[in-house]
Amino acid sequence: MSVQERTYIMVKPDGVQRGLVGKIITRFEERGYKLIALKLVQATPEHLEKHYADLSARPFFPGLIKYMASGPVVGMVWQGLDAVKTGRAILGTTNPLQSPIGTIRGDFCLATGRNICHGSDTVENAEKEITLWFPEGVAQWTSALETWVFENT
Ligand code: GDP
Ligand code: MG
């Protein structure tokens, strides 16, 4: 586990349309993660098929691609201790009805097919997703908070 660990977090089109971008960013900021990349993009179906390639055989795949291409998404990269697993914990479970209150999905949505946000599931997939969504690279900066969020920095 490293304080350099990075995860790809994305606000899906329903999260953008519902005006939840700021609230989702706030959850990661307040927890102590560092934002190192951020952009709003209208993704193409081809790009989204790459992002969700592992799910291509699932019956909901065509609907998932249509949903994800239906409007802009906000992609971001957050860095910090245990970013992938804790990032998923901040998002909650895939089915929002099973997601505890206090998680993003448990607080803001109801349907699996409209669950407002994405988070990488492994460190390896996070690095692949960061390359796919940010081929231009991410920012490198020292946060003034780091010495207060972590010990021994
Ligand atoms: P995640 O990692 O929690 O986002 O879940 P998965 O990687 O398993 O699935 C990716 C996304 O596909 C989910 O976030 C949902 O938006 C969608 N999805 C997954 N399972 C279903 C399903 O059974 N029905 C529908 N409509 N969408 C699903
Ligand atoms: Mg997933």
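For the numbers below, each heavy atom of this structure counts, side chains included, while hydrogens, waters and symmetry mates do not. Residue numbers start at 1 and run along the sequence shown. Whatever order the structure lists ligands and atoms in, that order sets their numbers, starting from 1.
Considering only heavy atoms from C-beta on, L132 comes within 4.5 Å of K50 through its side chain. Two residues are said to be in side-chain contact when any heavy atoms from C-beta on lie closer than 4.5 Å; H51 and M10 meet this criterion.
In this comparison of R105, H51, R88, the heavy atom closest to atom 2 (O) of ligand 1 sits on R88. The heavy atom nearest to atom 9 (O) of ligand 1, out of those in L55, N115, N95, I65, is found in L55.
Proximity of L64 to ligand 1, defined as any heavy-atom pair under 4.0 Å, is confined to the side chain (atoms from C-beta onward).
Shown here is R27, whose CZ atom has more than 12 heavy atoms of other residues, nucleotides or ligands within 6.0 Å.
Scanning all heavy atoms of the two residues, the minimum distance from Y8 to G75 falls at OH-CA, 3.5 Å.
When hydrogens are left out, the protein atom nearest atom 3 (O) of ligand 1 is T94 OG1, 2.5 Å; that is the closest non-hydrogen contact. Nearest protein neighbour of atom 26 (N) of ligand 1, counting heavy atoms only, is G113 CA, 3.8 Å. Nearest to atom 16 (O) of ligand 1 among the protein's heavy atoms is K12 NZ, 3.0 Å. Ranking protein heavy atoms by distance to atom 15 (C) of ligand 1, first place goes to T112 O, 3.3 Å. In this structure, atom 18 (N) of ligand 1 lies nearest to the protein heavy atom F60 CE1, 3.4 Å.
Contact check on R88 versus D82 returns no salt bridge, with no Lys/Arg side-chain nitrogen under 4.0 Å from an Asp/Glu carboxylate oxygen.
Near Y52, meaning under 4.0 Å from one of its heavy atoms, ligand 1 places the atoms 10 (C).
Using 4.0 Å as the threshold, R58 has no heavy atom nearer than that to any atom of ligand 1.
For residues 56-74, the side-chain hydrogen bond (donor to acceptor under 3.5 Å, both in side chains) pairs, not counting sequence neighbours, are D14-Y67.
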